[in-house]
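Step one of this worksheet: look at the structure below.
None of these values were measured; they are calculated from a predicted model. Numbers restart at 1 for each chain; the letters A, B, ... are given by sequence-line order, proteins then strands.
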Amino acid sequence: MAYNHKQLEKKWQEKWEKEEPWKAEDQSTKPKFYCLVEFPYPSGAGLHVGHPRSYSALDAVVRKRRMEGFNVLYPIGWDAFGLPTENYAIKTGRKPQEITNENTDTFRRQLKALGLSFDWSREVNTTDPAYYKWTQWMFLEFFKAGLAYKAKTMINWCPKDKIGLANEEVVQGCCERCGTTVEKREKEQWMIAITKYADRLIDDLKTVNYLPKIAKQQEDWIGRSEGAEINFEIRNPKSETNPKEESAKKHFVKVFTTRPDTIDGATFVVISPELAKTWMDIGWQASDEVRAYVDSALKREEADRTAEGKEKTGVDAGIKAINPFNQEEVAVWVADYVLGHYGTGAIMAVPQHDERDREFADAFGLPIVDRPLIAFDEAVAKVGGVKTTKYKLRDWVFSRQRYWGEPIPLVHCEEHGWVAVPESELPVVLPPVEKYEPTDNGESPLAEIAEFVNTQCPTCGGPAKRETDTMPNWAGSSWYFLRYIDPQNDQQFASAEKLKHWMPIDLYNGGMEHTTLHLLYSRFWNKFLFDKGLVPTSEPYARRHSHGLVMAEDGTKMSKSKGNVINPDEIVEQYGADALRTYIMFMGPFEEPVPWSTNGLIGVRRFLDKVMTMSEKIGGGPNVELARVMAKTIKKIGDDIEAMKFNTAIAQLMICVNAMQDAGAVSSELFASFLKVLFPFAPHIASELWEKTGYTTLLDTESWPTYDPALIVDDVVTLAVQVAGKLRGTIQVAPTAEQTEVEPPARAEENVAKWLEGQEVKKVVYVPGRMINFVI
RNA sequence: GCCGCGGUGGCGGAAUGGUAUACGCGACGGUCUCAAACACCGUUGUUCGCAAGGACUUGAGGGUUCGAGUCCCUCCCGCGGCACCA
């Protein structure tokens with residue numbers, strides 16, 4: 001029976017709004033459960049169906065938790081700083097904050113229309129000065145601890161637009177807006193020393209429960225390698241003519257290798273163009289050919305240098321080094337397949353053992369020798385090497401030359417250098433500006449605001465200038481889970497007591513696209529705060545799970561340009577929030593990408609209509625068969641929600657309703673249990689029917705149903721009877737029946753008897769409740 | 001190239017080494033209707049057979065096992081991540 005979802009859902013959403021059954025308690029005798037979903041970036045396009053996929057599924061988890069007696073914290077907020085808003089502001093001349101407010105209003109309305117059980121009283125917004133005051137405060141903690149430092153890095157520069165571009169704005173080496181090829185420019189940027197935490201970020205993965213693929217990606221991203229640094233002496237040409245000078249003039253090239261055991265086969269040394277440049281800067285008289293190669297290599301983008309299938313290039317440096325293991329003289333080359341920023345920027349090439357070295361040796365006719373391996377430690381010791389660990393992870397570039405981000409709360413004084421803005425002056429609020437474009441020299445538009453820039457040095461009171469760079473939008477999202485715990489606190493980012501009550505997060509769900517950066521940054525950020533004694537746990541997330549993308553019906557990515565985007569508003573309008581929530585969990589395994597199907601959605605809506613129909617058929621005597629189905633349903637839904645297998649949980653709900661329908665009627669007790677297990681998925685209709693069946697309580701406050709384990713076990717099961725491993729018939733037996741009880745009827749089964757006729761049974765395999773196999 | 005995950009009906013997908021194809025969609029047949037939609041009932045892996053029943057079937061090919069979608073080996077294809085990190 002089709003129901004009026006609009007009226008019904010509105011009624012319950014209003015009721016929930018009024019009664020607030022989802023408010024988390026900061027003090028409670030109940031066990032706590034902190035469930036986190038990645039807060040959305042409130043884009044102008046509104047909610048995508050991908051958002052409800054994660055939010056509905058975790059909503060099902062927390063609804064079950066509440067019914068199990070947990071004090072649940074399930075918060076939501078807005079990660080609202082970012083480029084799309086800023087670009088939209090530039091285009092329309094409107095204020096980013098205004099745009100953000102409109103977008104968050106839309107998102108809030110859309111999320112509420114889905115009946116998600118967020119504790120709305122804890123909403124946070126990263127662009128709210130009361131929020132970013134603490135983002136700035138935490139940055140200053142990094143600064144004071146010496147973990148935030150300024151360094152020269154390369155930024156993406158669009159020569160036509162004359163602005164620095166964020167990595168996200170560079171598409172295949174070109175400016176996203178005008179298509180001009182992006183250049184590299186040197187710029188001083190604030191950096192945060194995340195690499196100091198590299199080991200702990202890897203090692204502590206053992207202490208948390210992440211999906212294996214997530215832990216693996218974190219580990220790979222950090223990229224730890226154990227190896228050794230070994231000096232290769234540079235043969236000083238002068239030493240041949242004047243041996244006395246030899247010891248005084250010794251020069252070395254230091255290489256990093258993870259395979260010191262192969263050193264006997266090292267037939268040449270390769271240094272990166274970056275290292276070659278450094279050598280030239282300190283006086284190396286390189287040939288013109290070398291200079292030309294280094295110049296061109298340094299100009300090119302790294303992406304270009306490391307492009308797929310690229311032929312190896314390089315040039316003979318014209319100098320020799322000594323392999324410290326066997327004292328053989330080897331050539332030194334400069335080649336861009338050796339990276340300047342990793343290891344020592346120089347390698348020993350062992351073409352026999354390394355494919356890249358092999359390729360280079362083949363290309364330039366360098367020697368390849370096959371020598372036996374030496375024990376790792378022995379090799380390192382013999383050549384006087386030093387065991388070292390290197391990481392792929394690089395320090396976090398924390399500056400953006402942009403408007404719509406948290407101002408970095410530092411001032412520069414001629415006398416005192418970089419000085420922290422005192423805590424009493426936080427937050428450093430983003431001032432209004434006329435134009436949101438970056439300036440011609442690539443600085444943030446804040447650099448144009450004299451009143452903002454010119455200030456006093458907090459140390460000496462003398463004239464000083466504010467930093468005009470802003471933070472990346474990873475900043476606000478690195479600690480938002482802490483603010484949910486105590487969102488109104490204006491003395492601290494959150495009280496120690498409340499943090500102790502809620503942390504760590506019991507379950508954190510998000511997309512795989514945030515597995516490396518956001519997850520790593522926020523773990524690092526939390527660890528730093530932990531070291532400062534500001535948060536109670538070293539790891540913020542006890543368990544991390546991820547969801548797959550919702551694809552378009554044709555299996556491709558949904559995109560505005562293709563016009564295949566599903567708008568949640570329209571679905572809610574036409575089929576209802578319960579149908580959308582339930583369908584989106586039913587469509588496939590939670591972790592996998594799944595294509596959208598409007599027909600599938602309609603099927604789920606039909607299921608909800610059937611539930612409505614059954615509510616009219618309550619009555620009849622006890623029905624053991626139905627009681628068994630109900631018991632199995634309660635068990636399966638419970639198990640599946642824990643395992644995040646929402647699709648099979650919903651399949652079981654359907655099986656259960658089909659059984660009720662076949663029975664023609666259902667007792668009020670069984671139906672009540674059914675409504676409780678339906679509730680996490682379709683809370684509106686479950687609540688409505690709960691009320692309709694005469695209950696006055698909210699389902700939210702009811703307890704999760706239990707079942708009689710005896711009902712899970714059937715008295716009679718269908719046993720498969722196989723002859724030589726092939727199914728030849730079935731018989732009805734008790735699941736616990738002994739083999740001696742089962743064998744005679746199995747042999748007697750008409751078709752089985754036929755197959756056994758004239759055969760010698762060599763062996764009988766019996767699995768109670770499953771099958772019996774006569775091996776012939 | 002390396003790492004990870006996957007390949008099951010017409011489609012989305014189920015399946016602790018034990019009756020493959022649950023559940024849903026679609027399709028077909030029927031009931032209701034003047035008719036259609038909705039709803040409900042039935043059928044639906046392929047194939048041989050009137051039927052009883054048989055043969056085949058989880059990307060391909062081998063293997064282990066009484067028994068393999070599931071475990072092992074070789075290969076093909078798709079998706080995701082990393083990509084000259086020494």
Side-chain angles (χ1 to χ4, degrees), chain A residues 1-2 212-214 216-217 219-221 223-225 227 255-259 262 266 270 272 302-303 305-310 312 335-339 341-350 353-357 359-360 390-394 512-513 515-516 548-549 551 553 555 583 586-589 591-604 606-607 609-610 613 645 647-658 661 717-730 750-751 754-755 761-776:
Chain A
M1 188 182 70
K213 63 175 173 182
I214 296 175
K216 179 93 182 19
Q217 274 193 35
E219 212 178 312
D220 287 353
W221 187 262
R224 177 161 65 190
S225 307
V255 305
F256 173 70
T257 179
T258 55
R259 298 293 309 275
T262 65
V270 187
S272 60
E302 189 179 310
R305 270 172 60 176
T306 61
E308 187 179 358
K310 185 184 159 294
K312 289 215 166 20
D336 66 5
Y337 83 92
V338 174
L339 305 175
H341 61 74
Y342 184 77
T344 59
I347 61 150
M348 61 175 208
V350 187
H353 289 280
D354 186 286
E355 259 181 61
R356 299 154 298 182
D357 297 344
E359 202 187 311
F360 193 77
K390 301 283 182 196
Y391 305 88
K392 289 183 198 175
L393 182 70
R394 293 193 241 172
M512 283 306 285
E513 69 275 18
T515 299
T516 43
L549 250 49
M551 314 299 280
E553 298 229 20
Y583 168 64
F586 179 63
M587 66 200 307
E591 287 167 63
E592 304 292 327
V594 204
W596 174 266
S597 160
T598 299
N599 276 330
L601 169 79
I602 292 168
V604 168
R606 276 207 278 264
F607 155 72
D609 288 338
K610 268 193 216 177
T613 307
K645 289 163 79 172
N647 54 333
T648 51
I650 291 160
Q652 184 64 34
L653 285 173
M654 290 172 171
I655 290 171
C656 189
V657 170
N658 290 345
Q661 197 174 261
V717 292
T718 305
L719 190 77
V721 185
Q722 299 180 346
V723 178
K726 294 221 179 228
L727 181 72
R728 296 303 180 191
T730 57
E750 201 184 344
N751 196 44
K754 209 170 83 190
W755 284 91
V761 175
K762 288 185 181 152
K763 190 173 154 191
V764 180
V765 182
Y766 174 53
V767 181
R770 289 286 186 179
M771 49 68 68
I772 184 165
N773 185 13
F774 294 102
V775 185
I776 53 176

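- Contacts of Phe360(A) classified as ring-ring contact (aromatic ring centres under 6.0 Å, His included), with partners at least two apart in sequence or in another chain: Phe268(A), Trp333(A), Tyr337(A), Phe364(A).
- As rounded to whole Å, 8 Å separates atom P of A39(B) from atom CG of Asp609(A).
- Under the rule for a side-chain hydrogen bond (donor to acceptor under 3.5 Å, both in side chains), the partners of Asp609(A) that lie at least two apart in sequence or sit in another chain are Arg605(A).
- When the P atom of A86(B) is taken as reference, atom CE of Met348(A) falls 12 Å away, rounded to whole Å.
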Identify the pairs formed between an N or O of the protein and an N or O of nucleotides 42-50 of chain B at a distance under 3.5 Å, and give each distance.
none

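- Arg728(A) has no side-chain polar atom (N or O) that falls below the 4.0 Å cut-off from OP1 or OP2 of G67(B).
- In this structure, Ser225(A) and Thr258(A) approach most closely via the heavy-atom pair CB-CG2, 3.7 Å.
- For the residue pair Ile347(A) and Val255(A), the shortest heavy atom distance occurs at C-CG1, 3.5 Å.
- When all heavy atoms of Ala720(A) and Thr730(A) are compared, the closest pair comes out as CA-CG2, 4.3 Å.
- A52(B) and G62(B) have their C1' atoms separated by 37 Å, with the value rounded to a whole Å.
- When Watson-Crick and G-U wobble pairs are counted only if both distances are under 3.5 Å, A36(B) pairs with no nucleotide at all.
- Pairing of A20(B), defined by two Watson-Crick or G-U wobble distances under 3.5 Å, is not identified with any nucleotide.
- Look at Lys216(A) and you won't find any side-chain N or O under 4.0 angstrom from OP1 or OP2 of C2(B).
- Of all non-hydrogen atoms in Glu553(A) and Pro595(A), the two that sit nearest each other are O-CB, 4.1 Å.
- Rounded to whole Å, the separation between the P atoms of C38(B) and A55(B) comes to 41 Å.
- Annotated as syn: G9(B), whose O4'-C1'-N torsion sits within 90° of 0.
- The side chain of Pro595(A) sits closest to G12(B) out of C66(B), A86(B), G12(B).
- Judged by closest nucleotide on RNA chain B, Glu355(A) is the one of Asn751(A) and Glu355(A) placed further toward the 5' end.
- Toward the 5′ end of RNA chain B lies the nearest nucleotide of Tyr583(A), the other residue of the pair Gly223(A) and Tyr583(A) mapping further downstream.
- Rounded to whole Å, atom P of C84(B) lies 14 Å from atom CG of Asp357(A).
- Base-pair partner of A51(B): not found among the strands shown (Watson-Crick or G-U wobble, both distances under 3.5 Å).
- Across the protein-nucleic acid pair, Ile214(A) atom CD1 and C5(B) atom P stand 14 Å apart, rounded to whole Å.
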Exercise. Could you run through nucleotides 14-27 of chain B and give me one letter per nucleotide, 5' to 3': B if any protein heavy atom sits under 4.0 Å from the base, S if only the sugar-phosphate is that close, - if neither?
Key: SSB-BB--BBSSS-

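- Across the protein-nucleic acid pair, Glu219(A) atom CD and G4(B) atom C1' stand 13 Å apart, rounded to whole Å.
- For the pair Leu549(A) CG and G81(B) P, the interatomic distance rounds to 10 Å; values are reported in whole Å.
- You'll find the side chain of Arg728(A) stays beyond 4.5 Å of the side chain of Phe774(A), heavy atoms only.
- Using P as the reference atom, C72(B) and G53(B) are 38 Å apart when rounded to the nearest Å.
- Rounded to whole Å, the distance from CD on Glu592(A) to C1' on G12(B) is 13 Å.
- When only modelled atom types and interatomic distance are considered, Lys763(A) and Asn773(A) share no side-chain donor-acceptor pair under 3.5 Å.
- Nucleotides U58(B) and G13(B), compared at atom C1', are 13 Å apart to the nearest Å.
- The shortest distance between the side-chain N/O atoms of Trp755(A) and the OP1/OP2 oxygens of G54(B) is below 4.0 Å.
- Within the nucleic acid shown, Lys762(A) has no heavy atom closer than 4.0 Å to any nucleic acid atom.
- Nucleotides C23(B) and G9(B), compared at atom C1', are 14 Å apart to the nearest Å.
- Nucleotide A68(B) has no partner under the Watson-Crick or G-U criteria, as no pair reaches both atom distances under 3.5 Å.
- The C1' atoms of G1(B) and A22(B) are separated by 41 Å, rounded to the nearest whole Å.
- Straight-line distance between the P atoms of C71(B) and G4(B): roughly 15 Å, to the nearest whole Å.
- For Trp596(A), the ring-ring contact (aromatic ring centres under 6.0 Å, His included) test picks out Tyr583(A), with sequence neighbours left out.
- Between Met587(A) atom CE and Met551(A) atom CE the span is 10.5 Å, to the nearest 0.5 Å.
- Once rounded to the nearest 0.5 Å, the distance linking OG1 of Thr257(A) with CZ of Arg259(A) reads 7.5 Å.
- The CD atom of Glu359(A) sits 17 Å away from the P atom of A86(B) (whole-angstrom rounding).
- The partner of C28(B) is G42(B), by the rule that a Watson-Crick or G-U pair needs both atom distances under 3.5 Å.
- Comparing C82(B), G53(B), C84(B) by their nearest atom to the side chain of Trp221(A) picks out C82(B).
- Base pairing of G78(B) is made with C5(B), judged by Watson-Crick or G-U wobble geometry with both donor-acceptor distances under 3.5 Å.
- Scored by the side-chain hydrogen bond (donor to acceptor under 3.5 Å, both in side chains) test, Asn599(A) finds no partners at all (sequence neighbours excluded).
- When each of A86(B), C84(B), G13(B) is scored by its nearest atom to the side-chain atoms of Lys312(A), the top-ranked nucleotide is C84(B).
- Taking the P atom of each, G54(B) and A20(B) are spaced 13 Å apart, rounded to whole Å.
- Of the side-chain N and O atoms in Lys213(A), none sit less than 4.0 angstrom from OP1 or OP2 of C5(B).
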